[in-house]
Participant: 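Take this structure first; my questions come after.
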Protein chains: 2
Amino acid sequence: MLTYSEENYLKTIFHLSLGQQQGISTNAIAAKIETKASSVTDMIKKLNEKKLIKYQKYQGVTLTAEGLLAAKMIVRKHRLWEVFLVDKLGFSWDEVHDVAEELEHIKSEKLINKLDAFLEYPTQDPHGDPIPNAKGEIKQVDKKLLSEVETNKIVICVGVKDSSSEFLQYLDKQKISLGSKIEITDIEPFDQSYTVKIDNHNITITKKIASNLFVKEQ
Amino acid sequence: MLTYSEENYLKTIFHLSLGQQQGISTNAIAAKIETKASSVTDMIKKLNEKKLIKYQKYQGVTLTAEGLLAAKMIVRKHRLWEVFLVDKLGFSWDEVHDVAEELEHIKSEKLINKLDAFLEYPTQDPHGDPIPNAKGEIKQVDKKLLSEVETNKIVICVGVKDSSSEFLQYLDKQKISLGSKIEITDIEPFDQSYTVKIDNHNITITKKIASNLFVKEQ
DNA sequence: ATTAAAATTTAGGCAAAGCTAAAAATATAT
DNA sequence: ATATATTTTTAGCTTTGCCTAAATTTTAAT
Ligand SMILES: [Mn+2]
Ligand SMILES: [Mn+2]
Ligand SMILES: [Mn+2]
Ligand SMILES: [Mn+2]
């Protein structure tokens, strides 16, 4: 049985491992989890002992098959709870993360599978992130950043890279949501600002915004 | 902010205090929480320090107003989650307690109030226990034990005193549920066994069963 | 009123998970 | 290649919540 803290470490290593070849560094984990490197070393030893990660002193860590599955199950729970909070309880997408951080640690496979059914097996969470199924399989949809899309091409917003409430609230204010139709009409060479058409209104956004919106081509 | 453990102690003291004048003893708490008396003494000191309970060495403890409200909020969460599990996720009434023991510690007032609304403000949990409202008010319905009812009086089952899964599964087997119409047709003097009519079938139950069913007179 | 039993508290310790400060290993720059 | 900087680990300490064993207080029995 994993502790609350062990689960958070596994989840963090999982997130840091996405699109990453090498092992994850002690400092990277410490930064993400907002703790000290020495605390990370302690926990790393414990997870290694439990064969959830592979660890060689000074070489960083990688998840074992068992650790990977455990991490995916936590992510699955986190994202399913986020869907529940938004779809059933009427939370907005910028309010759900912190509560889901707690709910993801509730230990009941039956609960999470019944919740999954109740929500009708969603494949994405409110931020467009994929929800692993009960076996841990993740259906990857191909998406790219808006900043990588050429001008005058109509794309659909399907996710956010940064899901901080600050960014999400900015998107609300600009009436950008998952499903919005987006077209870059112009990029200003001087400051790299983007003029974009969102559904039916035109606005200007910075490159930073464009680099945090996932879109798919139709 | 209360810890998981502090919350469990407050809840336990609350349950033990129902229909009780004196302070709650260290041993009573230890038994309920399945821990050692010395551990209880430790925690009691901490809760006393935080002014959640009143404590005099060797004299037992009582909840302060603040402690009482905190305890009621935990009970509220526990019971609302039980309703959710049964009504929305399709759990049976004997499966929900352990999961609710975890869910009751999720810290979000917004969550619990939205859940309350989603469930349409239930006043009883799946075991017939009252659910405190957001202010901590508990609507007491008057009920008595089946063992205290006279023969040939038709009553309605409204709750269970013992809500262990063993007892609940026994009730399922006997087709006794909340809302069942019950009439004691006879009590055997020799072994105090009860012949009862449940809705439309007649069965025999022991006095122990009759002493664990709450009923209301119509 | 003593004495025995039961309940409660104290003393001392342990494991988990964190911390700071110092030592050791690795990476980088000259 | 060597010196410096950065990263990582180790050592030792803290808090929380639990434990056992011993001491103390209260209660019950003679
Ligand atoms: Mn989240
Ligand atoms: Mn999310
Ligand atoms: Mn319960
Ligand atoms: Mn209940």
Side-chain angles (χ1 to χ4, degrees), chain A residues 1-14 16-17 20-63 67 70-71 74 101-102 104-107, chain B residues 1-14 16-17 20-63 67 70-71 74 101-102 104-107:
Chain A
M1 185 73 101
L2 299 174
T3 66
Y4 192 103
S5 192
E6 286 169 340
E7 290 190 340
N8 277 337
Y9 274 86
L10 289 177
K11 184 186 59 166
T12 298
I13 295 165
F14 172 76
L16 291 170
S17 299
Q20 188 67 34
Q21 298 308 100
Q22 301 130 308
I24 305 305
S25 75
T26 302
N27 268 359
I29 298 169
K32 193 83 174 256
I33 250 170
E34 293 185 70
T35 186
K36 302 291 158 164
S38 54
S39 304
V40 174
T41 302
D42 283 349
M43 181 57 87
I44 276 176
K45 287 175 181 168
K46 206 187 312 177
L47 294 174
N48 185 54
E49 202 60 44
K50 291 193 174 187
K51 300 207 189 302
L52 295 162
I53 59 175
K54 253 175 59 187
Y55 167 60
Q56 298 264 67
K57 265 192 191 178
Y58 296 99
Q59 300 310 127
V61 302
T62 52
L63 293 168
I74 300 158
E101 288 286 303
E102 289 190 59
E104 72 188 7
H105 300 288
I106 302 292
K107 289 189 174 22
Chain B
M1 185 73 99
L2 299 174
T3 67
Y4 193 103
S5 193
E6 287 169 341
E7 289 191 340
N8 278 337
Y9 274 87
L10 289 177
K11 184 186 60 168
T12 299
I13 295 165
F14 172 77
L16 292 170
S17 298
Q20 188 67 35
Q21 298 306 101
Q22 301 130 306
I24 305 306
S25 76
T26 301
N27 268 0
I29 298 169
K32 193 83 176 255
I33 251 170
E34 294 184 70
T35 186
K36 303 291 158 165
S38 54
S39 304
V40 174
T41 302
D42 283 350
M43 181 58 87
I44 276 176
K45 286 176 181 169
K46 206 186 313 177
L47 295 175
N48 184 55
E49 202 59 45
K50 290 193 175 187
K51 299 205 189 302
L52 295 163
I53 60 177
K54 252 175 60 187
Y55 167 59
Q56 298 264 69
K57 266 191 191 181
Y58 296 98
Q59 300 309 130
V61 301
T62 51
L63 293 169
I74 300 158
E101 287 286 302
E102 289 190 57
E104 73 189 7
H105 300 288
I106 301 292
K107 289 190 174 23

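Convention: sequence-line order gives letters A, B, ...; per-chain numbering from 1. The shown structure was predicted, so the numbers you read here are calculated from the model rather than taken from an experiment.
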Participant: Side chain of B:S25, backbone of B:A28: donor and acceptor closer than 3.5 Å?
Facilitator: yes
Participant: What's the closest nucleotide to the side chain of B:N27 if the choices are D:dT8, C:dA7, C:dG18?
Facilitator: C:dA7
Participant: Name every residue in residues 50-61 of chain A that has at least one heavy atom under 4.0 Å from any atom of DNA chain D, in order of residue number, or write none if there are no such residues.
Facilitator: A:Y55, A:K57, A:Y58
Participant: Measure from NZ on B:K45 to P on D:dC18 and round the result to the nearest Å.
Facilitator: 15 Å
Participant: To the nearest angstrom, how far is A:E34 atom CD from C:dC19 atom P?
Facilitator: 11 Å
Participant: Let's go through B:K11 and B:E6 carefully: what are the C-alpha distance in whole Å and the side-chain angles of both, what is the deciding distance for salt bridge (charged side-chain N to carboxylate O under 4.0 Å, His left out) to 0.1 Å, and is it a yes or a no?
Facilitator: CA-CA 9 Å; B:K11 184 186 60 168; B:E6 287 169 341; over 6 Å; no
Participant: Quick one: label B:Y4 by what it contacts on the DNA or RNA (base, sugar-phosphate, nothing), any heavy atom closer than 4.0 Å.
Facilitator: nothing
Participant: Ignoring backbone atoms, test whether B:S39 places a side-chain nitrogen or oxygen under 4.0 Å from the OP1 or OP2 oxygen of D:dC18.
Facilitator: no
Participant: Both B:I44 and A:D42 contact DNA chain C. Which one's nearest nucleotide lies toward the 5' end?
Facilitator: B:I44
Participant: Which residue, B:T41 or A:T35, contacts DNA chain C at a nucleotide closer to its 5' end, judged by nearest heavy atom?
Facilitator: B:T41
Participant: Is atom NZ of B:K51 surrounded by more than 12 heavy atoms (other residues, nucleotides or ligands) closer than 6.0 Å?
Facilitator: no
Participant: Starting at CD1 of A:I24 and ending at P of D:dT7, how long is that distance when rounded to a whole Å?
Facilitator: 15 Å
Participant: Taking ring-ring contact (aromatic ring centres under 6.0 Å, His included) as the definition, give me every residue that meets it alongside A:Y4, ordered by chain and number, with sequence neighbours left out.
Facilitator: A:H105
Participant: Between protein and nucleic acid, restricted to nucleotides 14-16 of chain D and to nitrogen or oxygen atoms under 3.5 Å apart, what atom pairs and distances do you find?
Facilitator:
none

Participant: Of the listed nucleotides (D:dT8, D:dC18, D:dC19), which one gets closest to any side-chain atom of B:S38?
Facilitator: D:dC19
Participant: Counting distance only, does the side-chain N/O of B:S39 pair as donor-acceptor with the main-chain N or O of B:T35 below 3.5 Å?
Facilitator: no
Participant: Locate the shortest heavy-atom distance separating A:A37 from A:T26; write the atom from each residue and the value.
Facilitator: O-CG2, 3.5 Å
Participant: In whole angstrom, give the distance that lies between atom CG of A:N48 and atom C1' of D:dT8.
Facilitator: 15 Å
Participant: Sub-3.5 Å donor-acceptor pair from the side chain of A:E102 to the main-chain atoms of B:K107, do we have one?
Facilitator: yes
Participant: Send over the distance from A:I29 CD1 to D:dT7 C1', rounded to a whole Å.
Facilitator: 13 Å
Participant: Heavy-atom count check: over 12 atoms from other residues, nucleotides or ligands less than 6.0 Å from B:K54 NZ?
Facilitator: no
Participant: Where do A:L47 and A:Y9 come nearest, in terms of heavy atoms and distance?
Facilitator: CD1-CB, 3.8 Å
Participant: Tell me: NZ of A:K36 to P of D:dT7, nearest whole Å?
Facilitator: 14 Å
